[in-house]
Amino acid sequence: MSEHFPYRLIVDELRAEIIDGQRLPGSRMPSENELAAHYQTSRPTVRRALAVLKAEGLLSSEQGRGVFVRPTPHVRLLVTGANFRKHRALGLPGFNAQALEQGQRPEQRIRSVATIGASAEVAIRLNVGEDSPVVVRRRVFLVEGQPAALCDSYYPADMAAGTAIERPERIRGGVYALIEDPQGPIQRQITRSVDELVARMPTHQEAVDLQLPSGVPVVRVLRTVFDSDDVPVEVQDSVVAADRHEFRYEERMR
């Protein structure tokens, strides 16, 4: 028998038990001594196996309390025009609506709202000059009280001027409801969006803000939203915890 076999056996069996739901989120794991006795191996071998599962984001340690199965609320995001219109008709932001449909409790918190100069990356997507004024709304999205995504949304300052977009307050139905309000100050119809996705490891600050354990990656979603005249109205820069999201895109080809 390979000397590494007990280590792999522990990792594979505990991972399967967690994924299959035999060990519930938030439940406490057996101690290192208990696992060592169960697998008839040493504590260093058990410790190594637990370290792998922590790096995979399946376990977390609490000082003085032990090791626990990490709760990971999971949001499946279905991106379609029909879904967008359905949620708009309900007066709900898309993220909130989809989390609620999956029986989870969503929350959005505004971190800051400010007018800044557009970065080159934002400027080219909003079709404005670099350093042109844009309004940025920085938010954190939570599911079941856990941060799931950091989202910075950028809007042309001339479009947002004098509206709730440039104020640090929640907007009923979300910004799109305000943009499309036929009685509102903007009155533009949203028709399409383009998403650019990149998977990477988080920065230190992103890991702190999203409460990510070591080894859990993020997905950066850069979305440009267009109106019926094909004019960009928003650039949405989101950093989402990869273990808390699932993306599904549907497109009609005819």
Within this structure, what is the [atom1]-[atom2] distance for the pair [X] and [Y], rounded to the nearest 0.5 Å?
X    : Y    : atom1 : atom2 : result
F141 : E107 : CZ    : CD    : 11.5 Å
I190 : E180 : CD1   : CD    : 4.5 Å
R48  : R8   : CZ    : CZ    : 9.0 Å
E32  : T45  : CD    : OG1   : 10.5 Å
D227 : I186 : CG    : CD1   : 10.5 Å
I116 : D131 : CD1   : CG    : 10.0 Å

N/O donor-acceptor pair under 3.5 Å between E130 side chain and S119 backbone: no

Distance-only, no hydrogens or angles: does the Q187 side chain make a donor-acceptor pair with backbone N or O of G184 under 3.5 Å? yes

Look at the side-chain heavy atoms of Ile, Leu, Val, Met, Phe, Trp and Tyr, link any pair under 4.5 Å apart, and say whether [X] and [Y] land in one connected group.
X    : Y    : value
F68  : L14  : no
V216 : L142 : yes
V122 : V128 : yes
Y155 : V225 : yes
V175 : F226 : no

I'd like to know whether D230 forms a side chain to side chain contact (heavy atoms under 4.5 Å, CB included) with R192, so could you lay out the CA-CA distance, the side-chain angles of the two residues, the decisive distance to 0.1 Å, and finally the verdict. CA-CA 8 Å; D230 219 30; R192 73 181 182 98; 2.7 Å; yes

List the atom pairs, with distances to 0.1 Å, where a side-chain N or O of residues 199-208 and a protein N or O form a donor-acceptor pair under 3.5 Å, not counting sequence neighbours.
unit_1: R200; atom_1: NH1; unit_2: E206; atom_2: OE1; d: 2.9
unit_1: R200; atom_1: NH2; unit_2: E206; atom_2: OE2; d: 3.0
unit_1: T203; atom_1: OG1; unit_2: E206; atom_2: N; d: 3.1
unit_1: T203; atom_1: OG1; unit_2: E206; atom_2: OE1; d: 3.4
unit_1: Q205; atom_1: NE2; unit_2: D209; atom_2: OD1; d: 2.9
unit_1: E206; atom_1: OE1; unit_2: T203; atom_2: N; d: 2.9

Do [X] and [Y] have side chains that approach each other closer than 4.5 Å (heavy atoms only, starting at C-beta)?
X    : Y    : result
I179 : M159 : yes
Y154 : R125 : no
H38  : I10  : no

Stepwise side chain to side chain contact (heavy atoms under 4.5 Å, CB included) test for I18 and L59: CA-CA 9 Å; I18 294 169; L59 298 178; 3.7 Å; yes

Heavy-atom closest contact ([X] atom, [Y] atom, distance):
X    : Y    : value
P30  : L35  : O-CD1, 3.8 Å
G117 : V134 : C-CG2, 4.4 Å
C151 : S238 : SG-OG, 3.4 Å
V135 : A160 : CG2-CB, 3.8 Å
R167 : T163 : NH1-O, 3.4 Å
V233 : L126 : C-CD2, 4.1 Å

Sequence-distant partners of I110, side chain to side chain contact (heavy atoms under 4.5 Å, CB included), two or more places apart: V113, R137, R139, R170

Looking at I124, I want to see if its CD1 is surrounded by more than 12 non-hydrogen atoms of other residues, nucleotides or ligands under 6.0 Å. no

Other residues, nucleotides, ligands: >12 heavy atoms within 6.0 Å of Q40 CD: no

By the definition side chain to side chain contact (heavy atoms under 4.5 Å, CB included), identify the one residue from D237, V240, L197, L150 that meets it with R220. D237

When V239, V235, V136 are each screened for side chain to side chain contact (heavy atoms under 4.5 Å, CB included) with D152, the one that passes is V136

Let me see the working for E34 and R28 under salt bridge (charged side-chain N to carboxylate O under 4.0 Å, His left out), right down to the final yes or no. CA-CA 12 Å; E34 290 170 328; R28 185 173 179 174; over 6 Å; no

One pair to check against side chain to side chain contact (heavy atoms under 4.5 Å, CB included): E234 and Q236. What are the steps and the verdict? CA-CA 6 Å; E234 178 193 41; Q236 191 179 102; 3.5 Å; yes

